[in-house]
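Structure, as structure tokens:
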Amino acid sequence: QVQLVESGGGLVQPGGFLRLSCLVSGITFSIYNSGWFRQAPGKQREMVAIITSGSSTNYADCVKGRFTISRDNARNTGYLQMNSLKPEDTAVYYCNARFAFSNGEAYEYWGQGTQVTVSS
């Protein structure tokens, strides 16, 4: 059974920081790309950051320079360090793991989400 369990969300003031964690079980995490997505009320889910199995990273423009994605394959855990948080970062944050075959088929898994609220 594959599980992705996020933790680290909460309420923080503008300018503050949080570190999200995603503990993965049931798959060989090291071969999967790992990512963080978020969904604010009334909006579509959007990509925040992705780290490949080879540790290349990609960020949404709105978080570049503020957020850092990383992974620890030995601990089967992905991380999202979020600094200089803004009210517009408020959303439910979801962890994602994806493995794509060369023929286009893919295995993809999601966590249950963790709420991040940035407010004074």
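The structure displayed is predicted, hence computed values, not measured ones.
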Identify the two heavy atoms, one from Y93 and one from D89, that lie closest to each other, and give their separation to 0.1 Å. OH-O, 2.6 Å
A40 versus A91, closest heavy-atom pair with distance: N-CB, 3.8 Å
Please give me the minimum heavy-atom distance between G9 and L20, naming the atom from each residue. N-CD2, 3.6 Å
Near E88 CD, under 6.0 Å, is it more than 12 heavy atoms from other residues, nucleotides or ligands? yes
Within this structure, what is the CG-CD distance for the pair N76 and Q3, rounded to the nearest 0.5 Å? 12.5 Å
Distance col, row T52:OG1 vs R71:CZ, nearest 0.5 angstrom, shows 7.0 Å
If you round to the nearest 0.5 Å, how far is CG of L85 from CG of L18? 5.5 Å
Set out, in order, the CA-CA distance, both residues' side-chain angles and the distance that settles side chain to side chain contact (heavy atoms under 4.5 Å, CB included) for C22 and Y79, then state yes or no. CA-CA 6 Å; C22 175; Y79 302 98; over 6 Å; no
Does the Lys NZ or Arg CZ of R45 fall within the cation-pi geometry relative to Y94 - under 6.0 Å from the ring centre and within 45° of the axis? yes
Nearest-0.5 Å distance that lies between atom CE in M82 and atom CZ in F17: 11.0 Å
What distance separates I50 CD1 from S56 OG, expressed to the nearest 0.5 Å? 11.5 Å
Is any side-chain heavy atom of L11 closer than 4.5 Å to one of S119? yes
L80 side, atom CG; I51 side, atom CD1 - distance, nearest 0.5 Å: 10.5 Å
Assign the ring pair Y109 / Y32 to parallel, tilted or perpendicular, where the plane angle (0 to 90°) is split at 30° and 60°. tilted
What residue among T90, V116, V63 forms side chain to side chain contact (heavy atoms under 4.5 Å, CB included) with R38? V63
Please report the shortest heavy-atom distance between V48 and F67, naming the atom on each side. CG1-CD2, 3.6 Å
How close do W36 and G78 get, counting heavy atoms only, and between which atoms? CZ2-O, 4.0 Å
Donor-acceptor contact present, side-chain R19 to main-chain Q81, <3.5 Å: no
Y59 reachable from V118 in the ILVMFWY side-chain graph, under 4.5 Å edges: yes
Side chains of P87 and P14, heavy atoms from C-beta outward: is any pair under 4.5 Å? yes
Criterion side chain to side chain contact (heavy atoms under 4.5 Å, CB included) on E6 and Q112, from CA distance to verdict: CA-CA 7 Å; E6 300 103 333; Q112 82 287 352; 2.8 Å; yes
If you look at every heavy atom in F99 and I31, which pair is closest and at what distance? CD1-O, 3.2 Å
Centroid-centroid distance, F101 to Y107, less than 6.0 Å: yes
Worked verdict on N58 versus M47 for side chain to side chain contact (heavy atoms under 4.5 Å, CB included): CA-CA 9 Å; N58 187 34; M47 185 275 287; 3.7 Å; yes
